[in-house]
Number of protein chains: 2
Amino acid sequence: MNIIPNDAEPTEGSATHRAYLELREMIVTGQLKPGEKLKIDVLRKLLDTGASPIREALSLLTSDNLVERIDQRGFRAAEVSAENFEEILMLRSTLEDLALRESIANATDAWEECVVLAHHRMQRASDTGPKSFEPLHKAFHMALLANAKSPILLKFCSQLYDLNIRYRFLAGNTLNYKKRDVSEEHAGVLEAVVARDPDLASKRLLHHYRLTGEFLAGLIGKGFSK
Amino acid sequence: MNIIPNDAEPTEGSATHRAYLELREMIVTGQLKPGEKLKIDVLRKLLDTGASPIREALSLLTSDNLVERIDQRGFRAAEVSAENFEEILMLRSTLEDLALRESIANATDAWEECVVLAHHRMQRASDTGPKSFEPLHKAFHMALLANAKSPILLKFCSQLYDLNIRYRFLAGNTLNYKKRDVSEEHAGVLEAVVARDPDLASKRLLHHYRLTGEFLAGLIGKGFSK
DNA sequence: TAGCGGAAAAATATCGATTTTCTTTCTGTT
DNA sequence: AACAGAAAGAAAATCGATATTTTTCCGCTA
């Protein structure tokens with residue numbers, strides 16, 4: 001990530017790629033609501049581009065479980081539910097546990113430095129808005145796992161991260177989240193990673209997720225109203 | 001496939017959906033080779049359809065990790081490697097273990113009947129060609145897991161199944177596979193599931209995968225030549 | 001002869017218009 | 001008043017053509 005992150009989407013990349021990033025952002029942040037119909041024509045005008053890039057971007061977002069595609073009936077933003085949230089939490093716990101252990105097993109100094117750096121950048125941005133904090137938060141979590149030589153696993157984790165963070169946005173602003181002792185929890189995980197203690201690191205990471213899960217479950221309540 | 005193939009793809013569904021199924025089949029069976037460039041124009045003529053459905057189908061196949069998309073540089077069939085194979089095997093073991101246990105935990109008579117039925121259908125087709133056997137084989141394996149109330153997990157398992165079976169096709173014909181005691185292994189899993197013994201069922205299922213893995217690793221050798 | 005632009009060719013990506021499919025509304029009947 | 005069926009409207013899907021980008025190939029220079 002660089003300085004002046006947002007609004008930095010001029011003409012780089014293909015129209016499809018830009019549409020992909022924008023739509024993804026809109027869905028994750030809740031700007032496009034769960035279950036909402038995603039009409040090609042509306043989005044086309046909204047993003048000022050053609051129908052093809054939109055369709056293709058939406059097709060790609062289906063991979064990420066952020067968009068549902070119903071043949072001959074268009075696209076819609078993925079639904080949310082308490083069950084879905086639970087499932088994401090469960091899968092994240094399982095898969096990140098796996099990835100983190102593998103990552104630590106392959107530990108190198110270079111990787112360790114990347115993690116420390118990612119943590120520092122996230123810390124530095126902890127007082128700024130979610131717009132700059134969130135990407136760094138994700139970067140930190142992914143950096144923890146990045147040393148696992150398992151591309152598919154990492155892809156799954158990345159997807160689940162996005163699905164999870166979406167619930168944070170849907171549950172309201174993310175300020176409350178940061179009010180919690182998240183900072184300490186992160187530091188704890190980092191410490192265990194630097195100590196190359198897989199059990200402790202995993203324990204702390206999963207604890208972090210469990211707390212976040214309970215926290216969000218509380219905000220969410222039992223049901224979602226569209 | 002060949003001239004006048006299954007012909008069982010009339011006009012049902014959208015052109016995109018048909019293209020998706022055909023391309024997927026071609027990649028899984030190795031008709032489109034790993035790493036091969038997938039030129040829109042070639043496929044367009046091959047499947048006798050427009051460029052849009054092809055592009056969209058390829059975009060959807062990226063979800064399944066069967067196609068790689070490089071922005072502004074087109075699509076290609078996913079690469080294969082010994083590491084990739086190992087990873088798939090490892091993830092499958094982990095995730096199917098999870099799913100199978102959850103599935104058994106939620107066991108109902110109706111589900112049990114579906115599993116028995118799927119097994120029977122697969123058995124009945126065990127002497128026929130892979131063309132009819134393979135879908136039933138997949139159906140059986142997915143039926144085992146289907147009772148887990150975890151759509152995302154099941155989707156992952158389904159994807160990993162396809163990725164795995166691709167290696168079987170790439171390693172040569174699937175006849176050798178069936179020569180093994182696969183039939184007995186399947187029966188063993190079924191038995192344990194009917195007995196609702198999660199530990200035994202999982203143990204047998206993972207054993208089945210481990211054997212298949214070793215078997216394929218032997219065929220594959222260390223490297224893949226394009 | 002290796003390396004370096006720089007056209008020409010090829011392929012991708014995108015657009016605008018058309019066709020097909022779904023959805024809603026309207027109408028006549030029971 | 002309720003409902004089936006038809007017709008109009010809306011939206012998705014697809015096509016054909018064009019614009020953009022990447023790749024290839026060739027001649028030039030050092």
Side-chain angles (χ1 to χ4, degrees), chain A residues 8-27 31-79 226, chain B residues 8-27 31-79 226:
Chain A
E9 338 124 343
T11 15
E12 57 171 301
S14 59
T16 296
H17 189 241
R18 273 176 287 140
Y20 171 79
L21 292 177
E22 293 206 47
L23 289 172
R24 174 198 173 96
E25 173 96 0
M26 287 201 279
I27 293 170
Q31 215 177 321
L32 293 173
K33 299 202 179 58
E36 180 176 346
K37 185 128 208 334
L38 302 176
K39 292 185 202 166
I40 306 293
D41 221 52
V42 173
L43 298 177
R44 203 185 62 62
K45 278 157 189 160
L46 196 63
L47 302 190
D48 188 38
T49 183
S52 312
I54 298 286
R55 296 199 117 253
E56 217 165 307
L58 290 173
S59 294
L60 290 170
L61 284 165
T62 324
S63 337
D64 305 331
N65 291 293
L66 285 170
V67 165
E68 267 177 78
R69 178 204 165 84
I70 308 127
D71 199 46
Q72 244 144 2
R73 204 158 305 182
F75 302 85
R76 54 185 53 230
E79 292 283 2
K226 301 233 185 79
Chain B
E9 334 125 345
T11 16
E12 56 172 300
S14 60
T16 295
H17 189 242
R18 274 175 287 142
Y20 172 78
L21 292 178
E22 293 208 45
L23 289 172
R24 175 198 172 96
E25 172 95 0
M26 289 201 278
I27 293 170
Q31 214 178 322
L32 292 172
K33 298 203 180 57
E36 181 176 345
K37 186 131 209 331
L38 302 176
K39 293 185 200 167
I40 306 293
D41 221 51
V42 173
L43 299 177
R44 203 185 62 61
K45 279 158 188 160
L46 196 63
L47 302 190
D48 188 38
T49 183
S52 311
I54 298 286
R55 295 199 118 254
E56 216 165 307
L58 289 173
S59 293
L60 291 170
L61 283 165
T62 355
S63 336
D64 304 331
N65 290 292
L66 285 170
V67 165
E68 269 177 75
R69 178 203 166 86
I70 308 126
D71 200 47
Q72 243 143 5
R73 203 156 307 181
F75 302 85
R76 52 183 57 228
E79 292 282 2
K226 301 233 185 75

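Order of the sequence lines sets the chain letters (A, B, ...), proteins ahead of strands, with each chain counted from 1.
- What separates CD1 of A:I54 from C1' of C:dG16 is a distance of 15 Å, to the nearest Å.
- Contact annotation: B:T16 reaches the phosphate of D:dT14 (side-chain N/O to OP1 or OP2, under 4.0 Å).
- The CG atom of A:L43 sits 10.5 Å away from the CD atom of A:E22 when rounded to the nearest 0.5 Å.
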**Prompt:** Dot-bracket for DNA chain D, 5' to 3', with Watson-Crick and G-U pairs under 3.5 Å, [ ] for crossing pairs and | for other-strand pairs: what is it?
**Reply:** ||||||||||||||||||||||||||||||

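- For the atom pair A:E36 CD and A:M26 CE, the distance stands at 9.5 Å (nearest 0.5 Å).
- Following rounding to the nearest Å, A:E56 (CD) and C:dC15 (P) show an atom-to-atom distance of 12 Å.
- Separating the CD atom in A:E68 from the CZ atom in A:R73 is a distance of 12.5 Å, to the nearest 0.5 Å.
- Rounding to the nearest 0.5 Å places CG of B:L58 at 12.5 Å from CZ of B:R76.
- Expressed to the nearest 0.5 Å, how far CG of A:L60 lies from OG1 of A:T16 amounts to 7.5 Å.
- Taken from CG in A:L32 to CG in A:L46, the straight-line distance is 8.0 Å, to the nearest 0.5 Å.
- The main-chain N or O of A:G13 is never found under 3.5 Å from a side-chain atom of B:D71 such that the two would form a donor-acceptor pair.
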Between protein and nucleotides 8-12 of chain C, what N or O pairs are separated by less than 3.5 Å?
residue: C:dA11; atom: OP1; partner: B:K39; partner atom: NZ; Å: 3.0
residue: C:dT12; atom: OP1; partner: B:K37; partner atom: NZ; Å: 3.1
residue: C:dT12; atom: OP2; partner: B:I40; partner atom: N; Å: 3.4
residue: C:dT12; atom: O3'; partner: B:G74; partner atom: N; Å: 3.4

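- Taken residue by residue, residues 42-52 of chain A places heavy atoms nearer than 4.0 Å to DNA chain C at A:T49, A:G50, A:S52.
- Shown here is B:D48, whose CG atom has no more than 12 heavy atoms of other residues, nucleotides or ligands within 6.0 Å.
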**Asked** Could you go step by step and tell me if B:I54 and B:L38 meet the side chain to side chain contact (heavy atoms under 4.5 Å, CB included) rule?
**Response** CA-CA 10 Å; B:I54 298 286; B:L38 302 176; over 6 Å; no

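- For the pair A:L47 and A:L23, the minimum side-chain heavy-atom distance is below 4.5 Å.
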